[in-house]
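Counting convention: from 1, in listed order, for ligands and their atoms alike. Hydrogens, waters and symmetry mates play no part in the numbers below; they use all other heavy atoms, side chains included.
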Amino acid sequence: MNIVVLGPGAIGSLWAHSLHCAGHSVSLWSRSDGHTHTIQVDDGRAIVLANHDTPALEQADLLLVTVKAPQVTQAIQPLLKHLHSECIVLLMHNGMGTAEPTSKILTGNPLVLATTTHGVYRQSDSLILHTGLGTTQLGGYNAKGKQCQFLEDVLHHALPNVSWNPNIQEALWHKLAINCAINPMTAIHQITNGELNSNNYSKELDRVINEVSQVMNAEGITTSLATLKETVYKVINATAKNHSSMQQDIFYHRTSEIDFITGYLLERAKAHNIAAPSNAALYEQIKRIEQSWKSS
Ligand SMILES: NC(=O)c1ccc[n+]([C@@H]2O[C@H](COP(=O)([O-])OP(=O)(O)OC[C@H]3O[C@@H](n4cnc5c(N)ncnc54)[C@H](OP(=O)(O)O)[C@@H]3O)[C@@H](O)[C@H]2O)c1
């Protein structure tokens with residue numbers, strides 16, 4: 001396939017590298033406008049891919065969007081005039097709430113959503129470390145996107161395991177629940193995921209998960225408080241030494257994905273008239289921290 005990866009950071013570089021090695025014609029669209037970009041994964045062979053190659057964009061069968069949630073629509077916007085209407089647009093990021101605005105700016109393109117649990121650390125512009133093998137789920141957002149199940153094989157061949165989920169919203173909600181529980185608290189307290197196991201945080205964590213499970217049920221996602229708690233603590237233990245992406249964003253004074261994680265949850269809670277004070281408090285705290293950089 002002709003593939004353009006928009007936003008070759010940690011996750012985008014991993015996919016660009018894997019898809020290139022699987023034999024696809026891959027080019028990049030990064031924020032900087034250099035004509036080429038080098039990617040090395042761990043101590044493997046470095047590859048050089050074209051960057052900002054407009055003819056490649058015009059011929060793209062797949063636009064893989066791996067910018068963070070707050071950048072999705074603004075990153076896609078300038079590319080629209082070059083995309084043909086059958087080019088599949090695949091959004092792969094944490095958080096929810098970007099699919100609807102993206103579908104509005106596209107001109108009938110198939111839209112597919114994905115969530116991945118791979119762990120990738122960007123050591124430098126060209127070197128990424130694949131720190132955790134994960135799995136990826138994808139599924140269609142609009143009618144044309146729902147016909148793109150063949151992507152499962154394409155992506156699985158490049159970077160297994162990949163599965164097609166006809167109910168991708170459910171998978172995204174489960175990832176959102178984990179992110180709502182782990183990300184804001186680790187960011188506010190600047191702690192590792194594993195430190196959430198301390199008694200100091202257990203009551204707050206329980207309240208957060210309880211609110212998330214109520215909203216999920218109202219959204220028609222089948223889950224129970226007990227199942228959700230078990231999943232969250234499993235992730236906390238499996239990633240005990242890791243720093244969450246929001247912890248890193250706050251540490252480095254980068255705008256976090258809070259609006260698309262807890263912010264999205266609060267939006268849906270409001271729509272269902274569900275009180276979510278614990279999540280609201282975490283949201284406000286992250287916003288206050290981000291605001292403090294602007295005023296200092
Ligand atoms: N890393 C992981 O292990 C991991 C795992 C699962 C899910 N995720 C999720 O995957 C998403 C991407 O994360 P990441 O870790 O790969 O972040 P990242 O390393 O910051 O990558 C994002 C990339 O998008 C680029 N970008 C931003 N705006 C752009 C624009 N307008 N045009 C072109 N490129 C643009 C950034 O460029 P600059 O460098 O110039 O800002 C950066 O290279 C996030 O939602 C994250 O939560 C990450």
Side-chain angles (χ1 to χ4, degrees), residues 4-18 27-34 37-39 41-42 49-54 57 60 63-80 82-83 89-99 102 105 113-138 155 159 162 171-172 174-176 178-180 182-184 186-187 193 235 238-239 241-264 286:
V4 175
V5 176
L6 170 59
I11 286 288
S13 295
L14 178 70
W15 276 101
H17 189 278
S18 305
S27 73
L28 308 173
W29 206 278
S30 72
R31 214 196 316 237
S32 59
D33 56 5
H37 184 79
T38 304
I39 300 176
V41 181
D42 300 325
L49 298 176
N51 187 41
H52 282 224
D53 180 347
T54 307
L57 185 60
L63 178 70
L64 172 54
V65 183
T66 54
V67 299
K68 290 181 171 179
Q71 279 92 45
V72 169
T73 46
Q74 74 192 59
I76 295 176
Q77 193 83 52
L79 277 55
L80 290 174
H82 302 294
L83 286 188
V89 176
L90 169 53
L91 307 184
M92 188 183 288
H93 59 73
N94 279 344
M96 293 177 77
T98 59
T102 301
I105 60 171
L113 310 180
T115 175
T116 187
T117 61
H118 282 281
V120 193
Y121 178 72
R122 187 157 50 141
Q123 179 108 323
S124 70
D125 233 21
S126 55
L127 176 62
I128 56 154
L129 305 178
H130 191 182
T131 51
L133 258 188
T135 58
T136 304
Q137 291 186 62
L138 63 158
L155 298 191
L159 185 60
V162 176
L172 295 175
H174 278 101
K175 184 77 188 274
L176 191 89
I178 294 165
N179 288 148
C180 283
I182 297 178
N183 289 23
T186 54
N193 293 356
V235 175
T239 61
K241 289 191 179 139
N242 294 6
H243 290 283
S244 74
S245 55
M246 199 173 287
Q247 187 277 341
Q248 292 280 290
D249 285 338
I250 294 300
F251 182 81
Y252 289 110
H253 289 201
R254 297 186 299 237
T255 303
S256 74
E257 295 180 289
I258 191 77
D259 282 333
F260 297 84
I261 295 177
T262 310
Y264 184 78
I286 294 287

Engineer: In the protein, what heavy atom is nearest to atom 21 (O) of ligand 1, and what distance, to one decimal place, separates them?
Structural biologist: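 Result for atom 21 (O) of ligand 1: Gly9 CA, 3.2 Å.
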Engineer: Where's the contact between Thr131 and ligand 1, heavy-atom distance under 4.0 Å: side chain, backbone, both or neither?
Structural biologist: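 Looking at Thr131 and ligand 1, no heavy atom falls under 4.0 Å.
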Engineer: Could you identify the single nearest non-hydrogen protein atom to atom 19 (O) of ligand 1 and state the distance to 0.1 Å?
Structural biologist: Ala10 N, 2.9 Å
Engineer: For Glu257, is the nearest heavy atom under 4.0 Å from an atom of ligand 1?
Structural biologist: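 Checking ligand 1 against Glu257, which is what was asked, there is a heavy-atom contact under 4.0 Å.
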Engineer: Where on Tyr121 is there a heavy atom closer than 4.0 Å to ligand 1, on the side chain, on the backbone, on both, or on neither?
Structural biologist: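 Looking at Tyr121 and ligand 1, no heavy atom falls under 4.0 Å.
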Engineer: For atom 10 (O) of ligand 1, what's the nearest protein heavy atom and its distance?
Structural biologist: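 Answer for atom 10 (O) of ligand 1: Ile11 CG1, 3.8 Å.
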Engineer: Would you mind running through ligand 1 and noting each atom that sits below 4.0 Å from a heavy atom of Pro8?
Structural biologist: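 This gives 43 (O) as the contact atoms.
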Engineer: Just let me know how Ser32 lines up against ligand 1, side chain, backbone, both or neither, with a heavy-atom cut-off below 4.0 Å.
Structural biologist: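 Neither part.
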Engineer: Looking at atom 3 (O) of ligand 1, what's its closest protein heavy atom, distance included?
Structural biologist: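 Of every protein heavy atom, Val120 N, 2.8 Å lies nearest to atom 3 (O) of ligand 1.
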Engineer: Which one of Val5, Thr116, Val65, Leu113 satisfies the side chain to side chain contact (heavy atoms under 4.5 Å, CB included) criterion with Met92?
Structural biologist: Thr116
Engineer: Check ligand 1 against Val67 and write out every atom of the ligand that is under 4.0 Å from a heavy-atom position of the residue.
Structural biologist: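 Going through ligand 1 atom by atom, the ones under 4.0 Å from Val67 are 24 (O), 26 (N), 27 (C), 29 (C), 34 (N), 35 (C).
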Engineer: Tell me the nearest of Gly132, Gly95, Gly7, Ala114 to atom 24 (O) of ligand 1, using heavy-atom distances.
Structural biologist: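 Of the listed residues, Gly7 has the closest heavy atom.
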Engineer: Tell me, which protein residue and heavy-atom name are nearest atom 40 (O) of ligand 1, and how many Å apart are they?
Structural biologist: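 Checked against all protein heavy atoms, atom 40 (O) of ligand 1 sits closest to Arg31 NE, 3.1 Å.
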Engineer: Counting non-hydrogen protein atoms only, what is the nearest one to atom 6 (C) of ligand 1? Give residue, atom name and distance.
Structural biologist: Thr116 O, 3.5 Å
Engineer: Hey, is the main chain of Ser30 close enough, under 3.5 Å, to the side chain of Asn51 for a donor-acceptor pair?
Structural biologist: yes
Engineer: Tell me the protein heavy atom at minimum distance from atom 5 (C) of ligand 1, and give that distance in Å.
Structural biologist: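 Going by distance alone, atom 5 (C) of ligand 1 is nearest to His118 O, 3.0 Å.
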Engineer: Roughly how far apart are Leu49 CG and Ile39 CD1, rounded to 0.5 Å?
Structural biologist: 5.0 Å
Engineer: Donor-acceptor check, side chain of Asn179 to backbone of Met246, threshold 3.5 angstrom: yes or no?
Structural biologist: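 No; judged by distance alone, with no hydrogens or angles, the pair does not exist.
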Engineer: Determine whether the side chains of Thr73 and Thr102 contain a donor N or O and an acceptor N or O closer than 3.5 Å.
Structural biologist: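 No pair is found: no donor N or O on one side chain lies under 3.5 Å from an acceptor on the other.
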Engineer: Does the side chain of Pro8 reach to within under 4.5 Å of the side chain of Thr66, using non-hydrogen atoms?
Structural biologist: no
Engineer: Please find the pair of heavy atoms, one from Ser256 and one from Ile286, that lie closest to each other, and give the distance.
Structural biologist: OG-CG2, 3.7 Å
Engineer: Considering non-hydrogen atoms of the protein only, which is the closest contact for atom 30 (C) of ligand 1, and what is the distance?
Structural biologist: Ala75 CB, 3.7 Å
Engineer: For atom 42 (C) of ligand 1, which of the options Lys68, Arg122, Met246 provides the nearest non-hydrogen atom?
Structural biologist: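 When every heavy atom of Lys68, Arg122, Met246 is considered, Arg122 comes closest to atom 42 (C) of ligand 1.
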Engineer: Could you state the interatomic distance from NZ (Lys175) to OG1 (Thr117), rounded to the nearest 0.5 Å?
Structural biologist: 6.5 Å
Engineer: So how far is it from Asp53 CG to Trp29 CH2, rounded to the nearest 0.5 Å?
Structural biologist: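 Between atom CG of Asp53 and atom CH2 of Trp29 there are 7.5 Å.
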Engineer: Rounded to the nearest 0.5 Å, how far does NE2 of His243 lie from CG of Asn193?
Structural biologist: 8.5 Å
Engineer: Just verifying a value: how many Å separate Gln248 CD and Arg122 CZ, rounded to the nearest 0.5 Å?
Structural biologist: 12.0 Å
Engineer: Where on His93 is there a heavy atom closer than 4.0 Å to ligand 1, on the side chain, on the backbone, on both, or on neither?
Structural biologist: both
Engineer: I need the Arg254 CZ to Asp249 CG distance, nearest 0.5 Å.
Structural biologist: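 The CG atom of Asp249 is 4.5 Å from CZ of Arg254, to the nearest 0.5 Å.
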Engineer: Under 4.0 Å from a heavy atom of Gly119: which atoms of ligand 1 are those, numbered in the order shown and with their elements?
Structural biologist: 3 (O)
Engineer: Relative to the heavy atoms of Thr66, which atoms of ligand 1 are at a distance of less than 4.0 Å?
Structural biologist: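 With Thr66 as reference, the close atoms of ligand 1 come out as 12 (C), 22 (C).
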